[in-house]
Asker: 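This is the structure, below, for whatever I ask next.
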Amino acid sequence: MEFHTAFRSADILLPESVDMTKWSVVACDQFTGEPEYWDRTEKIVSNAPSTLRLTLPEIYLGSPDVDKRIENINQNIESYLSAGIFREYKNSMIYVRRVQSDGKIREGIVGAVDLEEYDYRPGSDSQIRATEATVTERIPPRLKIRKDAPLELPHIMILIDDKENSVIEPLAKESLPKLYDFTLMRGGGSISGYLLGEREIKAVDGALERLSVGAKMLFAMGDGNHSLATAKEHYENLKREHPGEELSNHPARYALCEIVNLHSPALEFEAIHRIVTGVDPIKLEQAIKEELGLDDKPSEQKLVMVHGGAMVTYYVHKPLSKLAVGSLQQFLDGYVKNVGGSIDYIHGEDVLIRLAEKPESVGFILQPMKKSELFGAVVADGALPRKTFSMGHAADKRYYLEAKKIVR
């Protein structure tokens with residue numbers, strides 16, 4: 001039986017004759033603790049065509065008008081489609097060259113993955129696996145957006161463990177037709193995209209198949225874990241709702257994404273910090289010191305507690321997990337459930353320290369994991385604790401840009 005990898009070409013939509021800087025906005029799960037970021041983005045975009053109108057920043061998930069926002073998203077998609085602002089590139093892949101805010105170049109290829117080859121549940125041996133625990137409660141709001149949407153716009157990044165640089169790096173970029181080249185808003189650096197021809201697509205397919213030989217896992221989620229899980233659930237719902245119907249070629253079976261080499265020098269793993277709000281800092285500190293056995297004697301697990309302008313380094317001596325982030329997360333989940341408060345996930349120590357200065361707020365600074373440990377850890381232990389790592393600063397995350405139809 002012939003083997004094919006889960007990554008393939010797709011019918012990719014790109015806008016034409018629009019201001020691309022205003023069109024492209026950062027992933028919806030960024031800056032969730034900074035409403036001013038999204039307020040400023042609203043002002044920049046104004047009335048221009050933008051992916052801001054086609055996606056729902058997570059900061060608004062709990063707002064009273066969230067249903068109206070979702071309704072507006074679908075109306076805007078239909079409006080953009082009717083206006084003919086998209087050009088479709090059939091059976092395509094796009095080579096992406098992202099210059100990050102730090103000047104480093106991150107290369108990737110945009111295509112689609114087969115959701116039949118993806119399983120986010122613990123113990124999965126599928127080609128595509130989650131790298132962190134999937135919080136099923138986070139799927140329904142996203143599913144509500146996707147259910148009636150004719151298009152998907154991904155911020156999904158999937159990693160390949162390509163030490164020999166055999167898949168993305170050999171592409172002859174200079175000879176490829178350029179599709180876009182522009183500056184990303186809000187300090188996101190710049191991005192350019194090039195259309196792969198049939199020869200290049202075959203080369204990518206062949207290199208991925210060779211990479212899969214002997215590999216225990218071919219694709220690992222980098223960013224957008226819950227977005228891909230939502231795409232999977234949407235597709236599975238379609239199959240349940242249409243028993244006996246042939247859906248093997250349904251557009252919703254395939255999810256648009258970008259693959260990136262784990263070994264790219266531009267990819268740096270950073271810790272995702274925690275902020276707990278709506279709590280008594282003194283009582284929380286007493287509880288966590290007791291449950292995790294925190295003191296100042298060095299151990300393998302380290303965390304820094306921040307509140308009221310003070311920073312204290314603690315070491316865990318009664319771990320609940322193999323990683324400090326796992327021990328912390330288990331404690332916080334239980335504490336919030338029993339005592340109250342809420343947890344948010346913050347990229348960047350400076351942001352966390354600023355937020356932890358507010359009353360009834362406690363921040364936790366964590367250490368990053370080594371990216372070379374990722375594939376081995378997922379193969380050995382399954383998905384890591386949620387929000388274990390982040391790839392780069394918030395402004396360097398994927399920006400919404402490409403789209404794909406998910407309806408017939």
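The figures here come from the full heavy-atom set of this structure, side chains too, leaving out hydrogens, waters and symmetry mates. None of these values were measured; they are calculated from a predicted model.
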Asker: What pairs meet the ring-ring contact (aromatic ring centres under 6.0 Å, His included) rule with one or both residues in residues 234-253, with sequence neighbours excluded?
Answerer: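 The answer is none; no pair qualifies.
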Asker: State which residues pass salt bridge (Lys or Arg N to Asp or Glu O under 4.0 Å) with Glu88; sequence neighbours excluded, sorted by chain then number.
Answerer: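 Glu88 satisfies salt bridge (Lys or Arg N to Asp or Glu O under 4.0 Å) with Lys90 only.
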Asker: Are any non-hydrogen side-chain atoms of Ile275 and Ile343 less than 4.5 angstrom apart?
Answerer: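 The answer is no; the side chains never approach within 4.5 Å.
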Asker: Mark yes or no for whether Arg97, through its side chain, and Gly108, through its backbone, hold a donor-acceptor pair below 3.5 Å.
Answerer: no
Asker: Are more than 12 heavy atoms from other residues, nucleotides or ligands located less than 6.0 Å from atom NZ of Lys318?
Answerer: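 Atom NZ in Lys318 is crowded, with more than 12 foreign heavy atoms closer than 6.0 Å.
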Asker: I'd like to know whether CD of Glu373 has more than 12 heavy-atom contacts from other residues, nucleotides or ligands below 6.0 angstrom.
Answerer: yes
Asker: Only pairs at least two apart or in different chains count here, so list each ring-ring contact (aromatic ring centres under 6.0 Å, His included) that has a residue in residues 323-365.
Answerer: Phe331-Tyr335
Asker: Considering only NZ, NE, NH1 and NH2 on the basic side and carboxylate oxygens on the acidic side, decide whether Glu117 and Arg253 come within less than 4.0 Å.
Answerer: no
Asker: Are Lys404 and Leu151 close enough, and set up right, to give a side-chain contact (heavy atoms from CB on, under 4.5 Å), and what steps lead you there?
Answerer: CA-CA 6 Å; Lys404 183 179 77 68; Leu151 296 181; over 6 Å; no
Asker: Are the side chain of Ser24 and the backbone of Met20 linked by a donor-acceptor contact shorter than 3.5 Å?
Answerer: no
Asker: Only one of Tyr180, Phe86, Phe182 forms a ring pair (Phe, Tyr, Trp, His ring centres under 6.0 Å) with Trp23, so which one is it?
Answerer: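 It is Phe86; the other options fail the test.
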Asker: In terms of heavy-atom contacts, does CG of Asn47 have more than 12 from other residues, nucleotides or ligands at under 6.0 Å?
Answerer: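 Open: at most 12 neighbouring heavy atoms sit under 6.0 Å from CG of Asn47.
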Asker: Give the C-alpha distance, both sets of side-chain angles, the deciding distance and a yes or no for salt bridge (charged side-chain N to carboxylate O under 4.0 Å, His left out) between Lys239 and Glu116.
Answerer: CA-CA 12 Å; Lys239 292 195 290 184; Glu116 292 282 5; 3.1 Å; yes
Asker: Verify, without hydrogens or angle tests, whether Asp19 (side chain) and Lys22 (backbone) share a donor-acceptor contact under 3.5 angstrom.
Answerer: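 Yes, Asp19 side chain to Lys22 backbone: donor-acceptor pair under 3.5 Å.
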Asker: Would Asn74 and Ile145 count as a side-chain contact (heavy atoms from CB on, under 4.5 Å) here? Give the steps.
Answerer: CA-CA 8 Å; Asn74 289 329; Ile145 298 170; 5.5 Å; no
Asker: The criterion is side chain to side chain contact (heavy atoms under 4.5 Å, CB included); which residues satisfy it with Ala377, sequence neighbours excluded?
Answerer: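 For Ala377, the residues satisfying side chain to side chain contact (heavy atoms under 4.5 Å, CB included) (neighbours in sequence not counted) are Leu384.
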Asker: Salt-bridged, Lys178 to Asp181, with N to O below 4.0 Å?
Answerer: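 So Lys178 pairs with Asp181 through a salt bridge.
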Asker: Within the 3.5 Å criterion, strictly below it, is a donor on Glu290 or Gln286 matched to an acceptor on the partner's side chain?
Answerer: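 Distance-only check fails for Glu290 and Gln286.
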Asker: Does Lys173 have any salt bridge (Lys or Arg N to Asp or Glu O under 4.0 Å) partners at least two apart in sequence or in another chain, and if so, which?
Answerer: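 For Lys173, the residues satisfying salt bridge (Lys or Arg N to Asp or Glu O under 4.0 Å) (neighbours in sequence not counted) are Glu107.
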Asker: For Arg69, is the CZ atom crowded, meaning more than 12 foreign heavy atoms sit under 6.0 Å from it?
Answerer: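 It does: Arg69 CZ has more than 12 such atoms within range.
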Asker: Sub-3.5 Å donor-acceptor pair from the side chain of Ser92 to the main-chain atoms of Ile12, do we have one?
Answerer: no
Asker: Please list every donor-acceptor pair under 3.5 Å in which a side-chain atom of residues 352-362 meets a protein atom from a residue at least two apart or in another chain.
Answerer:
unit_1	atom_1	unit_2	atom_2	d
Ser361	OG	Lys358	O	3.4
Ser361	OG	Pro359	O	3.2

Asker: Output yes when Asp396 and Arg106 qualify as a salt bridge under the 4.0 Å nitrogen-oxygen rule, no when they do not.
Answerer: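 Salt bridge flag = no for Arg106 with Asp396.
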Asker: Would you check if Leu256 and Val110 make a side-chain contact, meaning some heavy-atom pair closer than 4.5 Å?
Answerer: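 With C-beta onward as the side chain, the pair touches.
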Asker: Are more than 12 heavy atoms, taken from residues, nucleotides or ligands other than Glu16, located less than 6.0 Å from that residue's CD atom?
Answerer: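 Check passes, neighbour count above 12.
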Asker: What donor-acceptor contacts under 3.5 angstrom involve side-chain atoms of residues 320-328, with partners at least two apart or in another chain?
Answerer:
unit_1	atom_1	unit_2	atom_2	d
Ser321	OG	Leu323	N	3.4
Lys322	NZ	Asp381	OD1	3.4
Ser327	OG	Gln301	OE1	2.8
Ser327	OG	Leu320	N	3.0
Ser327	OG	Ser321	N	3.2

Asker: Check for a donor-acceptor pair, side chain of Glu349 on one end and backbone N or O of Leu366 on the other, with a separation under 3.5 Å.
Answerer: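 Absent.
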Asker: Under 4.0 Å between a Lys/Arg side-chain N and an Asp/Glu carboxylate O for Arg129 and Asp119?
Answerer: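 So Arg129 does not pair with Asp119 through a salt bridge.
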Asker: To the closest 0.5 Å, what do you measure between CE (Met391) and OG1 (Thr131)?
Answerer: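 Met391 atom CE to Thr131 atom OG1 measures 8.0 Å (nearest 0.5 Å).
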Asker: Scan side-chain atoms only and decide if His263 and Asp161 contain a donor-acceptor pair under the 3.5 Å cut-off.
Answerer: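 Side chains of His263 and Asp161: pair found under 3.5 Å.
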Asker: With no hydrogens and no angle check, is any side-chain donor or acceptor of Lys232 less than 3.5 Å from a backbone partner on Tyr118?
Answerer: yes
Asker: As a quick check of understanding, evaluate side-chain contact (heavy atoms from CB on, under 4.5 Å) for Ile365 and Met311, giving each step before the final call.
Answerer: CA-CA 9 Å; Ile365 297 174; Met311 299 176 63; 3.7 Å; yes
Asker: Mark yes when over 12 heavy atoms from residues, nucleotides or ligands other than Lys371 sit less than 6.0 Å from its NZ; otherwise mark no.
Answerer: yes
Asker: Who passes side chain to side chain contact (heavy atoms under 4.5 Å, CB included) against Arg186, sequence neighbours left out?
Answerer: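 Testing Arg186 for side chain to side chain contact (heavy atoms under 4.5 Å, CB included), a comparison that skips the adjacent residues, returns Tyr37, Arg40, Thr41, Ile44, Tyr399.
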Asker: Mind checking side chain to side chain donor-acceptor pair (under 3.5 Å) for Glu200 and listing every partner two or more places apart, or none if nothing turns up?
Answerer: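 Scan of Glu200 (side chain to side chain donor-acceptor pair (under 3.5 Å), adjacent residues dropped) gives none.
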Asker: Please, which pairs that meet ring-ring contact (aromatic ring centres under 6.0 Å, His included) have at least one residue in residues 144-166, sequence neighbours excluded?
Answerer: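 Every pair satisfying ring-ring contact (aromatic ring centres under 6.0 Å, His included) with a residue in residues 144-166: His155-Tyr400.
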Asker: Are any of the side-chain nitrogens in Glu245 or Arg408 under 4.0 Å away from the carboxylate oxygens of its partner?
Answerer: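 Salt bridge present between Glu245 and Arg408.
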Asker: Side chains of Tyr120 and Glu233: any donor to acceptor distance under 3.5 Å?
Answerer: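 Side chains of Glu233 and Tyr120: pair found under 3.5 Å.
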Asker: Only counting residues at least two apart or in another chain, list the ones meeting salt bridge (Lys or Arg N to Asp or Glu O under 4.0 Å) with Glu300.
Answerer: none
Asker: Which is it for Thr277 and Asp344 under the side chain to side chain donor-acceptor pair (under 3.5 Å) test, yes or no, and what are the steps along the way?
Answerer: CA-CA 8 Å; Thr277 55; Asp344 200 2; over 6 Å; no
Asker: Can you tell whether the side chains of Asp11 and Lys405 come within less than 4.0 Å, N to carboxylate O?
Answerer: no
Asker: Check for a donor-acceptor pair, side chain of Glu246 on one end and backbone N or O of Ser248 on the other, with a separation under 3.5 Å.
Answerer: yes
Asker: Okay, side chain of Ser299, backbone of Val316: is any donor-acceptor separation there less than 3.5 Å?
Answerer: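 The answer is yes, because a donor-acceptor pair under 3.5 Å joins these two groups.
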Asker: Verify salt bridge (charged side-chain N to carboxylate O under 4.0 Å, His left out) between Asp205 and Arg8, making sure each step is shown before the conclusion.
Answerer: CA-CA 7 Å; Asp205 290 341; Arg8 61 197 60 209; over 6 Å; no
Asker: In terms of side-chain geometry, is the basic nitrogen of Glu132 or Lys387 positioned less than 4.0 Å from the acidic oxygen of its partner?
Answerer: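 Salt bridge: no.
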Asker: Run the salt bridge (Lys or Arg N to Asp or Glu O under 4.0 Å) test against Glu258 and tell me which residues pass, sequence neighbours left out.
Answerer: Arg398
Asker: Any donor-acceptor pair under 3.5 Å linking the side chain of Asn261 with the backbone of Asp162?
Answerer: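 The answer is yes, because a donor-acceptor pair under 3.5 Å joins these two groups.
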Asker: Quick check: are there more than 12 heavy atoms from other residues, nucleotides or ligands sitting under 6.0 Å from NE2 of His393?
Answerer: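 No - once you tally the heavy atoms of other residues, nucleotides and ligands closer than 6.0 Å, there are 12 at most.
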Asker: For Arg274 and Gln329: C-alpha separation, side-chain torsions, deciding distance, then whether side-chain contact (heavy atoms from CB on, under 4.5 Å) applies.
Answerer: CA-CA 9 Å; Arg274 271 66 171 159; Gln329 190 67 51; 2.8 Å; yes
